[in-house]
Visitor: 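Starting off with a structure, shown below.
Residue indices begin at 1 and follow the sequence shown.
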Amino acid sequence: MSGSKARQEAIQAVTNYKPISAPLNFNETPANELYGSNVFSLKVMQDRLPKNIFKSLKRTIDRGEMLDPLAADVVAVAMKAWAVEKGATHYAHIFHPLTGITAEKHDSFLEPDGMGGAMPEFTGKALIQGEPDASSFPSGGIRNTFEARGYTAWDVTSPAYILENPNGTTLCIPTAFVSWTGEALDKKTPVLRSMKALNTQATRILKLFGHKDGVMVSATAGPEQEYFLIDRNFFFARPDLLNAGRTLFGAKPPKGQEFEDQYFGAIPERVLACMLETERELYKLGVPVKTRHNEVAPSQYEIAPIYENANVAADHQQILMLMLKRVASKYGLECLLHEKPFAGVNGSGKHLNWSLGNSAQGNLLEPGANPHDNAQFLVFCAAVIRAVHKYAPVLRAAVASASNDHRLGANEAPPAIISIFLGSQLADVFEQLKKGPATSSKQAGTLTVGVDTLPPLPKDAGDRNRTSPFAFTGNKFEFRAVASNQSISGPLVVLNTIVAESLDYIATKLEAATNGDASKLNGAVQTVLQEIATNHSAIIFNGDGYSEAWHKEAEKRGLPNYKTSVDALPALGAPEVAALFEKYKVLTKRELDSRTDIYLEQYCKTVRSESKLVVEIAKTLIYPASVRYQSELAAAAANLKAAGLTPCVETLTKVTDLINGLSKSITALEKTGEHHVEGLLNEAKHFCNDVLPAMAEVRKFADELESIVADDLWPLPTYQEMLFIK
């Protein structure tokens, strides 16, 4: 691997790497004292706010009650004092526009005092509402380009926090982002609306089971985050990684992940140092990260948090992605969050662990030791099964993107067919329910390892299934099709809303059947459970989701198989989907239609920019390097012939053929990319069906040339360099 001069310098920089900053003094402050130190938490509020204001605010957070506007000024004064003590000079309303990124507008606390000086000021009005310019954010036709006004509104249920910078700190206030007409221009507003809908319907079910305390039911989430770390020298030497987040070229290395020696292996020292600092920064912000480990592909890793309320988890997930990238650069690393940055090895997902519960009854998807006897659990579980079966196309659309299309259905990711894995214990219970009341549950038992020094281990009643896109994993459902670079807000909105609809359906049935008579509840529950188990069992599949047999079986069952985002996104435009979101006041039809247009447009923009990159890199880097090698081979052949020897021209012939193929494929891609198609959906279909295959054709010739062209001429860092030099 001698490589070109640029690659040699990159390799030298990697091998001679020294940390940019001094090691952290990790003994200075214990992690438990660090945790939440930069968060305006309930404890901080309790210490700094008058009792009546704190109680009012806590009722809003715990029970979803209307925020008292009179409390805002008091909270603002306390929040400002706390932030200034921590060195803050500015505050920022943090919001999540439909670009999928985190956006922020910073304003200074300082106000001139009229005497030549300035004082820090922060009012309740400034806390509650901000006004960023909305004109340059995607709106899908909700607002005209010339209509610039947009508002951010304080989300009191997600705590404010201090974001540190080497030169100062900023008070960050989580907010929703809406248009001048009050329509959602962001990802948070629908999450909050969907949580309200879920609480309303879940509370109806709990009342039927005798729980009338009024404690708010919340969706909870714990998203696992997969990502790659590579040296920044390689990153900046790859225009495709820099601009598209994934490699558009790259020959398969001699060694990939087939040895299975990366998964849960020892974490490289530099990577572990980066992880440790990332975790410390996240601890300060109250992000409850719990797990870290090597993932399957070389240079791939995972970080996973503990459960939180869904909207807070969504906010924290955005912070986590930001912090991963920010800290990585300090260690000379680049964090890649694209779903498939390297072809031929595992891509990255964001497994969204989802459940619902409250402080009184706990996790409502906790089955207990005998699920067949736990009627309340079975009702909530059945509601999820019915929801996923009825609205599978919407769930698939919720994870649709040009980047996730490279991952879904591949060997490390679930297929595009939405199905539910229940595990042997619950699957058996629901099979019993088809015929009548369930009378037994498979028991967990213990596992004997066969080594005297090791104790018997508790054994779960069911196994896990990595091939399922939607799997029950003990006391939660894991939605494994979510994309690694995606906000979890979209999938949360869909999950919360479709489950709310199912709970509404069940509650209406049970209320009608019991008519206030609690003695009739058990019989009514059995009737509803039997109906759902019978009518919606097609969505339950405990086998190998990768197998061809499952694809055929899924088709027989009538389960949709939307292999691309272009296939999936039109599902959002179905009349029954618009009716669903409007009924529960989560998204109006206009808001929903705007999202369909935005996501189709983003798909087109992504593939268009990638196709232009393919042309540019192929023309300016790969083609010239290949021609230089061709010239060397031709000169060598001519010299041998002049010396009276018979040259071997096999390699020259092959290189020439590949160069000709590369040139023709570039021309074909340019022509295809310039083809204009009327209508957004038709344009997306063109990019999916015509442009992507044309890009793959260019790559086919380029990658084969990479395996032949002299290493000192090849201009791009290779897969074996990027993935294995750490």
Visitor: Under 4.0 Å between a side-chain nitrogen and a carboxylate oxygen: does that hold for Glu277 and Lys330?
Guide: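 The answer is yes: the pair qualifies as a salt bridge.
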Visitor: Just to verify, what does Asp47 make a side chain to side chain contact (heavy atoms under 4.5 Å, CB included) with, not counting sequence neighbours?
Guide: Lys43
Visitor: Mind checking what makes salt bridge (charged side-chain N to carboxylate O under 4.0 Å, His left out) contact with Lys583, not counting sequence neighbours?
Guide: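 By the salt bridge (charged side-chain N to carboxylate O under 4.0 Å, His left out) rule, Lys583 matches Asp504.
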Visitor: Per the ring-ring contact (aromatic ring centres under 6.0 Å, His included) rule, what does the pair list look like for residues 29-68, sequence neighbours excluded?
Guide: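 The answer is Phe40-Trp82.
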Visitor: Identify, with sequence neighbours excluded, every residue that meets ring pair (Phe, Tyr, Trp, His ring centres under 6.0 Å) alongside Tyr161.
Guide: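 Partners of Tyr161 by the ring pair (Phe, Tyr, Trp, His ring centres under 6.0 Å) criterion come out as none, since no residue qualifies.
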Visitor: Name all pairs fulfilling the ring-ring contact (aromatic ring centres under 6.0 Å, His included) condition that reach into residues 582-605, sequence neighbours left out, sorted by first residue then second.
Guide: none
Visitor: Decide, yes or no, whether a salt bridge links Glu183 with Arg590 under the criterion of side-chain N to carboxylate O below 4.0 Å.
Guide: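 Yes.
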Visitor: Between Thr220 and Asn309, is the side-chain hydrogen bond (donor to acceptor under 3.5 Å, both in side chains) condition met? List the steps.
Guide: CA-CA 4 Å; Thr220 55; Asn309 282 354; over 6 Å; no
Visitor: For residues 481-495, dump all side-chain donor-acceptor pairs below 3.5 Å to protein atoms at least two apart in sequence or in another chain.
Guide:
unit_1, atom_1, unit_2, atom_2, d
Ser484, OG, Leu337, O, 2.6
Ser484, OG, Ser348, O, 3.2
Gln486, OE1, Ala483, N, 3.0
Gln486, NE2, Ala398, O, 2.6
Ser487, OG, Ser489, N, 3.1
Ser487, OG, Ser489, OG, 3.2

Visitor: With sequence neighbours left out, what residues match Lys284 under salt bridge (charged side-chain N to carboxylate O under 4.0 Å, His left out)?
Guide: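 Glu164, Glu281.
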Visitor: For Gln12, does the CD atom sit with more than 12 other heavy atoms under 6.0 Å from it, leaving out its own atoms?
Guide: no
Visitor: Residues two or more places apart in sequence or in another chain: which of them pass side chain to side chain contact (heavy atoms under 4.5 Å, CB included) with Pro30?
Guide: Asn32, Glu33
Visitor: For Lys51, give me all partners under salt bridge (charged side-chain N to carboxylate O under 4.0 Å, His left out), at least two apart in sequence or on another chain.
Guide: none
Visitor: Quick one: salt bridge (charged side-chain N to carboxylate O under 4.0 Å, His left out) partners of Lys589, sequence neighbours excluded?
Guide: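 Per chain and number, Lys589 pairs via salt bridge (charged side-chain N to carboxylate O under 4.0 Å, His left out) with Asp593.
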Visitor: Got a sec, which pairs hit salt bridge (Lys or Arg N to Asp or Glu O under 4.0 Å) with one end in residues 75-103, sequence neighbours left out?
Guide: Arg48-Glu85
Visitor: Only counting residues at least two apart or in another chain, list the ones meeting ring pair (Phe, Tyr, Trp, His ring centres under 6.0 Å) with Phe581.
Guide: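 Listed in chain order: nothing, the list is empty.
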